[in-house]
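These notes concern the structure reproduced below.
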Amino acid sequence: MSVSGSADLVIVANRLPVDRVRSDDGEVGWRKSPGGLVSALEPVMRANDGAWIGWPGSTDTDLEPFVDDGLTLIPVSLTELEIEEFYEGFSNGTLWPLYHDVVAKPEFHREWWDSYVVVNQRFANKAAEVAAEGATVWVHDYQMQLVPRMLRELRPDLRIGFYLHIPFPPAELFQQLPWRRQILEGLLGADIVGFQLGGAAQNFIRLVRQRVGHKTHRDMVYLPDGRTVQAAAYPISIDAKDFEELARSESVTKRAIQIREALGDPKRILLGIDRLDYTKGIYPRLRAYSELVHDGHFDVEDTVFVQVATPSRERVEQYRVLRDEIDRLVGRINGDMGRIGRPVISYMHSSYPRHEMAALYRAADIMVVTPYRDGMNLVAKEYVACRFENDGALVLSEFAGAADELRQAWQINPYDINGMKAAILEAAHADEKETSRRMKAMRRTVLENDVEHWATSFLDELTAVRPAHGKSLRPARRS
Ligand code: GDG
């Protein structure tokens, strides 16, 4: 099918919002990957002949654009070598650790950078081809930072927004990047550069002033050609109502009871759910908990820590090392202190359907979220959305973006094991009134500032910044 020049709203992201699946009888089809981003953008895309450009997740297959459930999806193919160099290499081996406080050591390789440039150009060319005159293009995340500038060079008529889902580091760290100027100039191709937090926007503005030498004032950059770029915070969120509905459903309610029973009906369940990533602070969290058990504060007879670690980036060396470290730690803790049928930590290295996630959130008395650094952390917000009875405690790292909004959580510094232990204990022993006061306030925040609010504020702002050239987007028709 041809979609040349017909889309009024184009989303550019590393991944398409679908996965290629093969059914039992060998038929190849697509399954929508569940996620707040897709559900938030779907209505506005439908109303604006939207198209989504991204990698379909398989290599070397040249796929034609197709329509899935009313959404136009435009696959961009990557070779096996590009996956290694652009995706696993520059995106996840250079930028990811550099942007997360150098929690792991970033690697700098010139051939990885070359691949990043080539792939970004391919995405920009595709966006230039499918966008209608005066269309709005919204580019997402750290894998695509050169696209805004490349696209502007090809199509100056477009309105271009960029959103970074992960933190943007302070100048002192960003400076290490051999290609720092190119990245900043890449982002400056956008009309609005959006971040999770205000601090990240300020880091960007400061770097643009120092490294590129443009004039800046507050959140604005003034380019020599008269164009302006705005850098601002748009904290991302979840489809909170949808999560709450799922949590209230009869099947999730039943499943939550089953989970508790399967764990031996403990008095208390603590829960961690993360992609298995070194930024998520899984190691210090499990250590802190194991010390509490060792010191006699918790008894394996009536308390259990459930840790779900979703497999992630398994071909990147640092992720393999992390998996071994966590495997060893869990094995040692359970070996030392577990009893028959009573592990200290019930550990799953696996991913689950959303339904199961909601049941886990409902079964857990304390949710423990302890990243060393995280752009936002949607897991924390999902837990809150599922606690419609205003019970349950959230222990949350102050280094997660979500800590800015979820002020009533028991906030911790993941580098401070004793502090973390004290907060977990406090959360475990807080009375009902205290827990419910905190949860109520957090639920108000999450339900009011949901992902639809996030998407609408970004797109409205983008339309307002560049009213002269582009046409306005038609408002979403909620299905
Ligand atoms: C990046 C930034 C930012 C996880 N395991 C399963 C599963 N999940 C879902 C969760 C949640 C999402 O994945 C994870 O989102 P997070 O925000 O917690 O973390 P990242 O993956 O690192 O996301 C982050 C985010 O982008 C959005 O901007 O908040 O800071 O790092 O929705 O529920 N979902 C299912 N099964 C699993 O096993 N179905």
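Both counts, for ligands and for their atoms, begin at 1 and track the order of listing. Computed from heavy atoms alone, side chains included, the values below leave out hydrogens, waters and symmetry copies.
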Original post:
Considering only heavy atoms, does Thr310 approach ligand 1 within less than 4.0 Å through its side chain, its backbone, both, or neither?
Top reply: side chain
Subject >> Glu382: numbered ligand 1 atoms lying under 4.0 Å from its heavy atoms >> reply: 10 (C), 11 (C), 32 (O), 33 (O)
Subject >> ligand 1-proximal atoms of Glu356, by part, heavy-atom distance under 4.0 Å >> reply: neither
Original post:
Purely on distance, is any nitrogen or oxygen of Ile273 under 3.5 Å from one on ligand 1?
Top reply: no
Subject >> Contact (N/O only, under 3.5 Å) between Ile166 and ligand 1 >> reply: no
Original post:
Step by step, would you call Glu172 with Arg206 a salt bridge (Lys or Arg N to Asp or Glu O under 4.0 Å)?
Top reply: CA-CA 11 Å; Glu172 289 70 18; Arg206 181 174 157 217; 3.1 Å; yes
Original post:
Is Trp96 in contact with ligand 1, taking contact as a heavy-atom separation below 4.0 Å?
Top reply: yes
Original post:
Hey, looking at atom 36 (N) of ligand 1, which of Tyr142, Tyr99, Tyr352, Phe243 has the closest heavy atom?
Top reply: Tyr352
Subject >> contact_flag Gln196 ligand 1 heavy-atom lt 4.0 Å >> reply: yes
Subject >> Option set His165, Lys381, His140, criterion heavy-atom distance to atom 28 (O) of ligand 1, minimum >> reply: His165
Original post:
Quick check: does Ser351 get an N/O under 3.5 Å from an N/O on ligand 1?
Top reply: no
Subject >> Which residues share a side chain to side chain donor-acceptor pair (under 3.5 Å) with Tyr99, sequence neighbours left out >> reply: Gln145
Original post:
Side chain, backbone, both or neither: which part of Ile236 comes within less than 4.0 Å of ligand 1 when only heavy atoms are counted?
Top reply: side chain
**OP:** Counting heavy atoms only, name the option from Arg275, Arg373, Lys280 that's nearest to atom 19 (O) of ligand 1.
**Re:** Lys280
Original post:
Does Tyr319 have its ring centroid less than 6.0 Å away from the ring centroid of Tyr278?
Top reply: yes
**OP:** Determine the sole option in Glu88, Arg323, Arg320 for which the side chain to side chain contact (heavy atoms under 4.5 Å, CB included) test with Glu314 is passed.
**Re:** Arg323
Original post:
Which of the atoms of ligand 1 are close to Gly375, meaning less than 4.0 Å from one of its heavy atoms?
Top reply: 30 (O)
Original post:
Distance under 6.0 Å and angle within 45° of the ring axis: does Arg122 meet both against Trp55?
Top reply: no
Original post:
By side chain to side chain donor-acceptor pair (under 3.5 Å), which residues pair with Lys421, not counting sequence neighbours?
Top reply: Glu291, Asp295
